[in-house]
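Residue numbers start from 1 in every chain, and the chains themselves are labelled A, B, ... in the order their sequence lines are given, proteins ahead of strands.
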Amino acid sequence: MSRVDQDELISALLAGKHRALARAITKIENRSPGYRELVSELHRHTGTASVVGITGSPGAGKSTLVDKLAKRYRDRGETVGVIAVDPSSPYTGGAVLGDRIRMASNVGDMDVFFRSMSARGQLGGLSTATADAVKALDAFGKDRILIETVGAGQSEVDIVKTADTVVVLVQPGSGDDVQMLKAGILEISDVFVVNKADMSGAAKTVADLEEMIHMRNDPTHGLQTGHHGFEIPDHLNRADPADEGDRWEPPVVETVATAGDGLADLLTALSSHREHLETTGGLDRNARIRAAEEIRQHLRSDAATLLEAEIDRRGGIDALAERVAARETDPYTIADELLEPLRETIKPRSDRQE
Amino acid sequence: MSTDTAQRSIRCLVAKVGLDGHDRGAHVIARAFRDAGFEVIYSGLHRAPEEIVQAAVQEDVDVLGISILSGAHNTLVPKVIEGLKSYDALEDTLIIVGGIVPEDDREKLRSLGVAEIFGPGTPMEETIEFVRENAPERP
């Protein structure tokens, strides 16, 4: 794409042309030539959207919830962008992206811009692509951006971290899911949603989650109370910034996404968290953390690209592996050799600064 | 893997439009496309032409496959094509139709912008090969 075409694409996107937004996201996703300049250009127009990430195990009801949330936002006159990430086959790279099927409440409404993305087997690259796509939606002027992902691993955690507010969806009776959540998603969750709350076992799941949250905040909590009844404490009203300081206690919201039940509670929880971020300066802090993480991510991947080229210059990775297998050398030595030119160029500069 | 390596994958929307409830063919083709390494977005059943247009534009698909077995192709396909035109999305989207389309109607669909029509019994490889060869080059 020529410089002129690129400029045209950017101005069309900023002017609100849906086709241009779609094409920009394609460029970002494909890593087409010029995508970096595109994102760089868009970056200055971002910062107005409120971004919510939604994750949870397959079948928990993420897509349905996203659909209903989008509808509520639209009813309030806000525009919505959705990025839905689905896994792709590690063998063929193919994927069936099915999240769109659930988008039944926003038929023909172009102000809900829904985009499916596949994982494409990228290591770390997906979170970059998602973050860049969010920037495109933000620059386009979307008020609300929802990121939906299957919550199964580290890359999903990375993706939802691009959001201001992270929602973790749990379905009733999923003891194993709660076990899984302990491993890492608990730390990043700002709001828990127990969806399909009309199913048996919902109260138990809510209680489990709340216990887990309390245990994290107050490890002796379980010892004092002994049991959890069906009364669900109202965390939203209890959160008192004067007492709690900057700490945010994730509320547990019950929903039945298909019927739209509990949506109002979820919206309240989301705006409470947003308010919390605004009053505690968390919004700015998160933005800086994200920016730092993006810089590091770019450095890592760019450095890796440079080193890949260096590997090729030295006969390719297979040849190097062969030498290691033959015990002629070892992986550390090879890594040192490959890094030598990089180390050489960076070192003198740091010496100069001292 | 570097994030800077261009990673292009053919994106297809497999669309069921209108009141036709027969989606076996669409499912089979969606799976076959996936196994061929394409990224497939499946629309789900009973979609209005506007929904298909919305999906095709937002997802920026290279290929739009419309599955119709109800005989309503002469009504529905033109609406989809008109919609794509209004978003300047017609010329770089490969439109194919699968299903039961009488010989007499094929020429009309082709003149509207449908690239190919695949009837019952078309070998899967033929359709995949056609998509591979004709999917538009994106800048």
Exercise for the section: Check whether any side-chain heavy atom of B/D60 lies under 4.5 Å from a side-chain heavy atom of A/R115, and answer yes or no. Expected result: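 In short, these two side chains touch, coming nearer than 4.5 Å.
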Handout entry: Note, B/R11 side chain near A/L97 side chain (heavy atom, < 4.5 Å)
Key =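 Side-chain contact under 4.5 Å: yes.
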[atom1] of [X]: more than 12 outside heavy atoms within 6.0 angstrom?
| X | atom1 | result |
| --- | --- | --- |
| A/H43 | NE2 | no |
| B/R31 | CZ | no |
| B/H46 | NE2 | yes |
| A/L299 | CG | yes |

Practice task
First locate atom CE of A/M117, then atom CD of B/E39, and finally report the distance between them rounded to the nearest 0.5 Å.
Solution key: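 If I round to the nearest 0.5 Å, the distance is 9.0 Å.
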Handout entry: Value rounded to 0.5 Å, distance of CD1 in B/I41 from CG in A/D86
Key =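 Between atom CD1 of B/I41 and atom CG of A/D86 there are 10.0 Å.
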Handout entry: A/F113: partners by ring-ring contact (aromatic ring centres under 6.0 Å, His included), with sequence neighbours left out
Key =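 With sequence neighbours excluded, A/F113 shows a ring-ring contact (aromatic ring centres under 6.0 Å, His included) to no residue whatsoever.
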Handout entry: Nearest heavy atoms of A/I101 and B/R47, plus distance in Å
Key =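 Reported closest heavy-atom pair: O-NH2, 3.4 Å.
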Problem - Short side-chain to backbone donor-acceptor contact, B/Q54 and A/F114, under 3.5 Å - result: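 No.
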Problem - Flag, side chain of B/E59 to backbone of A/S116, donor-acceptor distance under 3.5 Å - result: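 Indeed, once roles are kept as given, a pair shorter than 3.5 Å links the two residues.
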Handout entry: Residue B/Y42 versus chain A: region with a heavy atom under 4.5 Å
Key =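 Contact with chain A: backbone and side chain both.
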Problem - Presence of salt bridge, A/R19 and B/D92, under 4.0 angstrom - result: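 Looking at A/R19 together with B/D92, the answer is yes, because their closest N to O distance falls below 4.0 Å.
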Problem - Pair A/R23 + B/D88, salt bridge at N-O below 4.0 Å - result: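 No, this pair does not count.
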Practice task
Not counting sequence neighbours, which residues clear side-chain contact (heavy atoms from CB on, under 4.5 Å) with B/A55? List them please.
Solution key: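 Partners of B/A55 by the side-chain contact (heavy atoms from CB on, under 4.5 Å) criterion, ordered by chain and then number, come out as A/R100, B/L13.
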Exercise for the section: Against chain A, work out which of B/A89, B/G44, B/A36, B/A30 has the most heavy-atom pairs shorter than 4.5 Å and name it. Expected result: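 Looking at each of B/A89, B/G44, B/A36, B/A30 in turn, B/A89 comes out on top.
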